[in-house]
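After the structure tokens below, expect a handful of questions from me.
It should be emphasised that the depicted structure is a prediction, and the values quoted were computed from it without experimental measurement.
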Amino acid sequence: MDLEMKPEEAAFRDEVRSFLADNLTEDLKAHARLTSGILVDHPLRKEWLQILNARGWAAPSWPAEFGGTGWTVMQKFIFASECARAGSPGVASMGLSMVGPTLMGHGTDEQRAHYLPRILSGEDWWCQGYSEPGSGSDLASLQTKAVSDGDDYIINGTKIWTTGAHVANNMFCLVRTSSEGKRQQGISFILFPMDLPGISVEPIITISGDHEVNQVFFDDVRVPKANRVGAENNGWTVAKYLLEFERGGSAHGANLRNALNRLKNIASQEIAGGDGTLLDDEAFRRKVDAAEVEVTAVEFTEHRIMSALSSGQNPGAASSMIKLRGSTMTQTITELGVEAIAHYAAPHVMEARTWGSNVAPVGPAHTLMVVPKYMNGRANTIFGGSNEVQRNIMAKAVLGL
Ligand SMILES: Cc1cc2nc3c(=O)[nH]c(=O)nc-3n(C[C@H](O)[C@H](O)[C@H](O)COP(=O)(O)OP(=O)(O)OC[C@H]3O[C@@H](n4cnc5c(N)ncnc54)[C@H](O)[C@@H]3O)c2cc1C
């Protein structure tokens, strides 16, 4: 998105550029490049969060009173764009993007005072316990039970597809505290550490070869009732509020712009034994141009969401729109990447991928992460609520159907 900058905004952009030049190490950039999904190697994303936090820039979207930057919408846009342009790793902190805003909206003063600073410092890292083997889109059918026992709940059940449960030290979780009445009315929202007795985590390795998601089991896990956010049986309201932040945060325009630039770089390589590059091919160029139009539309929508967040509102149905368009565009761009590298997309080439900078690619370096990113991107239209579910939300909330 090409916005004309005021002199103070250009000065801010230069400040961000110089901060990135000083702090973004080659190792951090290499890990960002070699990540197919959202989770950069955990110690590194923690390191990057701490570097940002030392500068007071860990939480661009939080209000200043809670330790956020207090930036204008334009400053946030500049910061996100410059980070993407410089190739910085995504922090992908559910604490920053989901738990923090939810505690600001629904937590107690004690909960805010305890958790928010620990999210900013990286001391607490969160995972989301919503989905269960039989409850995804139909989340209200969830069965994980929390039974009252004095000042505690005893939790039994299982959560699945839990992103980052193997590195998080805390979970925000939906549990059933009542089977009476409407299903939505018997759910509570609760926070707890992952090292409590009775919690176990099993890895799920996805088609891209990544370990990002897990299944988590609860066997008589004792959690104090004081860890509940909101009233007992009112967790559905809290959960829905949080989902708007999750969806709004799933498809950053800056990341899409980065992916598009990567695609252009791939397509601008000389075709072996041929004349010119794929970008010179009119049919391929048209597809890249169409993707660019869509990416620009996502950037504009994201700008609107940032405006809502800055003025203390939650993003509303716009978050469903950006989730839908952003996830679809991620898939379109990664599909074009596979088309561009042709036979280097053969499955055996994927085996060359390793973490870190000591990579020995089978094909040319620019082909290395194309297939893992394409594979990982298949999940984008499912997590955070599938595209069909986002369309249903917009049909109701925007079109009034
Ligand atoms: C990579 C990844 C990471 C994830 N991370 C997390 C996490 O950290 N925490 C967490 O709690 N969950 C997580 N999830 C789970 C995710 O939220 C669910 O997978 C998602 O909500 C879909 O639920 P489901 O898998 O049960 O599919 P289902 O709900 O069974 O859906 C199956 C198909 O039916 C369609 N469908 C369902 N209902 C409707 C409807 N009413 N109208 C039209 N179509 C419909 C869906 O769109 C889908 O195509 C993750 C998922 C993935 C893939």
- request: Provide the closest heavy-atom pair for Pro133 versus Thr158 in the form atom of the first, atom of the second, distance.
  value: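 Closest approach of Pro133 to Thr158, heavy atoms only: CD-CG2, 3.7 Å.
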message: If you apply the rule salt bridge (charged side-chain N to carboxylate O under 4.0 Å, His left out), what do you find for Arg285 with Asp280, and how did you get there?
response: CA-CA 7 Å; Arg285 178 80 220 191; Asp280 303 323; over 6 Å; no
- prompt: For residues Ser135 and Asp138, is any side-chain donor paired with an opposing acceptor at under 3.5 Å?
  reply: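 Distance-only check fails for Ser135 and Asp138.
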query: Donor-acceptor pair, Glu294 side chain versus Arg325 backbone, under 3.5 Å?
result: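 Between the backbone of Arg325 and the side chain of Glu294 there is no qualifying donor-acceptor contact (under 3.5 Å).
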message: Return the CD1 to CD distance between Ile266 and Glu339, rounded to the nearest 0.5 Å.
response: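 It is 12.0 Å, given to the nearest 0.5 Å.
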query: Okay, side chain of Gln75, backbone of Thr72: is any donor-acceptor separation there less than 3.5 Å?
result: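 Pair found, side chain donor or acceptor close to backbone of Thr72.
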query: Parallel, tilted or perpendicular for Trp57 and Phe79, by the 30°/60° rule?
result: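 Rings of Trp57 and Phe79: perpendicular, over 60°.
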- request: Check whether any side-chain heavy atom of Leu336 lies under 4.5 Å from a side-chain heavy atom of Phe284, and answer yes or no.
  value: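 Yes, their side chains come closer than 4.5 Å.
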- prompt: Do Lys159's NZ or CZ and the ring of Tyr130 fall within the cation-pi criteria of under 6.0 Å and 45°?
  reply: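 The answer is no, since Lys159 fails at least one limit relative to Tyr130.
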- prompt: Does a donor on one side chain and an acceptor on the other come within less than 3.5 Å for Ser148 and Lys225?
  reply: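 Distance-only check passes for Ser148 and Lys225.
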message: Is it the case that the side chain of Thr301 and the backbone of Ala297 share a donor-acceptor pair, with hydrogens and angles ignored and the cut-off at 3.5 Å?
response: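 Here the side-chain-to-backbone pair exists.
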Val223 and Ile190, any side-chain heavy atoms less than 4.5 Å apart: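 Contact flag for Ile190/Val223 side chains = yes.
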- prompt: Looking only at side chains, do Thr162 and Asn214 share a donor and an acceptor under 3.5 Å apart?
  reply: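 Asn214 and Thr162 do not have a side-chain donor-acceptor pair below 3.5 Å.
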- prompt: Is the distance between the ring centroids of Trp236 and Tyr241 under 6.0 Å?
  reply: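 No: the rings miss the under 6.0 Å criterion.
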message: I'd like to know if the side chain of Arg17 reaches the main chain of Glu82, judged simply by a donor and an acceptor atom lying under 3.5 Å from each other, with no hydrogens or angles considered.
response: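 No: the side chain of Arg17 does not pair with the backbone of Glu82.
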message: Contact between Gln215 and Phe217 at the side-chain level, heavy atoms closer than 4.5 Å - yes or no?
response: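 Yes, side chains in contact.
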field: Met104 side chain near Pro63 side chain, heavy-atom distance below 4.5 Å
entry: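 In short, these two side chains touch, coming nearer than 4.5 Å.
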field: Separation of Phe218 CZ from Ile154 CD1 (nearest 0.5 Å)
entry: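 Those atoms lie 13.5 Å apart.
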Distance (rounded to the nearest 0.5 Å) between Lys373 NZ and Arg33 CZ: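 Reported to 0.5 Å precision, the distance equals 10.5 Å.
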query: Can Gln331 and Thr381 be counted as having a side-chain donor-acceptor contact under 3.5 angstrom?
result: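 Side-chain D/A pair, Gln331 to Thr381: present.
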task: Tell me, please, whether Trp48 has Arg45 positioned over its six-membered ring: NZ or CZ under 6.0 Å from the ring centre and within 45 degrees of its axis?
output: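 No, cation not above the ring by the 6.0 Å, 45° rule.
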query: Charged N to carboxylate O under 4.0 angstrom, Glu282 versus Arg286?
result: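 Judged by the 4.0 Å cut-off on N to carboxylate O distance, Glu282 and Arg286 do form a salt bridge.
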- prompt: Quick check: does any side chain N or O of Arg228 sit under 3.5 Å from a backbone N or O of Gly230, one acting as donor and the other as acceptor?
  reply: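 Yes, because the side chain of Arg228 sits within donor-acceptor range (under 3.5 Å) of the backbone of Gly230.
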- request: Ignoring hydrogens and angles, tell me if any N or O in the side chain of Gln390 forms a donor-acceptor pair with the backbone of Gly384 under 3.5 Å.
  value: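 Judged by distance alone, yes, a pair lies under 3.5 Å.
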Ser208 side, atom OG; Tyr374 side, atom OH - distance, nearest 0.5 Å: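 Here the interatomic distance stands at 12.0 Å.
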message: Under 3.5 Å, is there a donor on one side chain and an acceptor on the other for Asn169 and Asp195?
response: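 No, Asp195 and Asn169 have no side-chain donor paired with an acceptor closer than 3.5 Å.
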field: Check: Asn23 side chain, Phe19 main-chain N or O, donor-acceptor pair, under 3.5 Å
entry: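 Flag set: sc Asn23 to bb Phe19 pair under 3.5 Å.
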task: Answer with yes or no whether the side chains of Asn387 and Ser327 bring together a donor and an acceptor at under 3.5 Å.
output: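 Side chains of Ser327 and Asn387: pair found under 3.5 Å.
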query: Side-chain donor-acceptor pair under 3.5 Å between Asn227 and Gln111, yes or no?
result: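 There is no such pair (donor and acceptor under 3.5 Å, judged by atom type) between the side chains of Asn227 and Gln111.
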- request: Decide whether Ser36 and Asp210 meet the rule of one side-chain donor and one side-chain acceptor closer than 3.5 Å.
  value: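 Yes - a donor-acceptor pair under 3.5 Å links their side chains.
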Distance (rounded to the nearest 0.5 Å) between Met394 CE and Ser319 OG: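 Between atom CE of Met394 and atom OG of Ser319 there are 9.5 Å.
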message: Regarding Thr277 and Ser268, do their side chains bring together a donor and an acceptor under 3.5 Å, going by distance alone?
response: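 The answer is no; no qualifying pair exists.
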query: Run the side chain to side chain donor-acceptor pair (under 3.5 Å) check on Asn156 and Thr144 step by step: do they pass?
result: CA-CA 6 Å; Asn156 279 286; Thr144 294; over 6 Å; no
message: With salt bridge (charged side-chain N to carboxylate O under 4.0 Å, His left out) as the criterion, how do Arg378 and Glu335 come out once you've worked through the C-alpha distance, each side chain's angles and the decisive distance to 0.1 Å?
response: CA-CA 10 Å; Arg378 302 290 90 200; Glu335 278 162 24; 3.1 Å; yes
- prompt: Between Glu123 and Tyr115, is any side-chain donor less than 3.5 angstrom from a side-chain acceptor?
  reply: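 No, because no side-chain N or O of Glu123 sits under 3.5 Å from a partner of the opposite role on Tyr115.
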- request: Report the distance from atom CD1 of Ile199 to atom CE of Met194, rounding to the nearest 0.5 Å.
  value: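 Nearest 0.5 Å value for the CD1-CE distance: 5.5 Å.
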task: Would you check if Val288 and Lys264 make a side-chain contact, meaning some heavy-atom pair closer than 4.5 Å?
output: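 Heavy-atom side-chain distance check passes, below 4.5 Å.
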